[in-house]
Amino acid sequence: MVNLKFRTLEWKNDTLLLLDQRKLPNIVTDVACTTPEQTAEAIRNLTVRGAPAIGVAAAYGLLLAVDLSASGPQVLTDLEKAALLLGSARPTAVNLQWAVDRMMGIAAIYHDLNAADLREHLSEEAVAIHEEDMAMCRKIGEHGAPLLADGMTVLTHCNAGALATSGIGTALSVIYTAQAQRKRIKVYVDETRPVLQGARLTMWELMQQRIDATLITDSTAASLFGAGKIDAVIVGADRIAANGDVANKIGTYNVAVLAAHHGVPFYVAAPRSTFDKKIATGAEIPIEERSPAEVTGVGAARTAPTSAKVFSPAFDVTPHRLITAIVSDRGVQTGGR
Ligand code: MRU
């Protein structure tokens, strides 16, 4: 049993509370969302981030749209407007549109009911999306933990932990579950430039959960592989194409190439909401480009010359041939390596 020392999001008193991930690890505080616009903005500005977490947040964002809407035919129009806004807040993680589509599927079935009954159905669906996410995280841990033996050292990139989901995480769920089974696991954490999800978020949550974690710069990974200090890599995913190509945080592909070169297993952990059977290969996955400001400085300090030209994709695609296995809530699928 894995017990978390914090929670990423919560629906309380008809308000969506989000742990503000922009401020971690220095300040632990919530942002309260009471409108779909605030929820979409919180997704865009990374108050809440990580593929499963933004899906759950968007589901509650649609519930907020119903609460604010006048009753009658206006409800469906308002929901459609909010669905467009929330679904387009970030393009790469398919979980976002998956959750919006589930909510709108319920709206399509029940929109003729009175406002209170429609709200009840949408509320049940949002809670189901939330609870299923928590359950899928637990299952990923159960399926993945046997891949980690006592004494192993694992490398992870970005944050695919509890902070990226509404449960115990995906990649980190495997580590938490292995630890709960009394295996001693050490973790190297890539800092994950430019937004530092590894340094700020993964380190914070692993330390909260008392995992033996060591922070490294992204460029340190190769020398650790070379020195034989990494036994396995485990990362999350934002979208998995039908052929098994995986989009995840920028830099994941680098790590996969390093792992293949050094004969180290490379595992991806993701719930079923991350699989996109509608697209054939990773080449079709839309890759978000973020503001140059995330690259031209560190925090508030500017590090690049003013008006430096920047290219800042937030994600890359790791080809299926570099992946040893994909761990999902359904089990472990062998990859192409
Ligand atoms: O830009 P972010 O912080 O939302 O990127 C998150 C990641 O790339 C995670 O690895 C991914 O969403 C998997 S989360 C379980």
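Remember, it's 1-based here, ligands and their atoms both numbered in the order they're listed.
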A.B. asks: Salt bridge check, Arg239 against Asp276: does any charged N sit closer than 4.0 Å to a carboxylate O?
C.D. replies: yes

A.B. asks: Would one find an N or O of Ala51, backbone or side chain, under 3.5 Å from an N or O of ligand 1?
C.D. replies: yes

A.B. asks: Any side-chain donor-acceptor pair under 3.5 Å between Thr29 and Asp20?
C.D. replies: no

A.B. asks: Tell me whether Asp67 is salt-bridged to Arg119, with the criterion being a basic N under 4.0 Å from an acidic carboxylate O.
C.D. replies: yes

A.B. asks: Identify the protein heavy atom lying closest to atom 6 (C) of ligand 1, giving its residue, its atom name and the separation to 0.1 Å.
C.D. replies: Arg49 NH2, 3.5 Å

A.B. asks: Among all protein heavy atoms in this structure, tell me which lies nearest to atom 15 (C) of ligand 1, with the distance rounded to 0.1 Å.
C.D. replies: Thr170 OG1, 3.1 Å

A.B. asks: From atom 13 (C) of ligand 1, work out which of Cys137, Ala314, Ala237 has a heavy atom at the shortest distance.
C.D. replies: Ala237

A.B. asks: Looking at Glu288 and Arg290, does any basic side-chain N land under 4.0 Å from a carboxylate oxygen?
C.D. replies: yes

A.B. asks: Any atoms of ligand 1 less than 4.0 Å from a non-hydrogen atom of Arg90? List them with their elements.
C.D. replies: 1 (O), 2 (P), 4 (O)

A.B. asks: Taking 4.0 angstrom as the limit, do Glu132 and Arg102 come out as a salt bridge?
C.D. replies: yes

A.B. asks: For Ala164, take its heavy atoms, then give the atoms of ligand 1 lying under 4.0 Å from any of them.
C.D. replies: 14 (S), 15 (C)

A.B. asks: Return the closest protein heavy atom for atom 11 (C) of ligand 1 as residue, atom name and distance.
C.D. replies: Asp238 OD1, 3.1 Å

A.B. asks: Tell me whether the guanidinium CZ or amine NZ of Lys249 lies under 6.0 angstrom from the six-membered ring centre of Phe315 and within 45° of its axis.
C.D. replies: yes

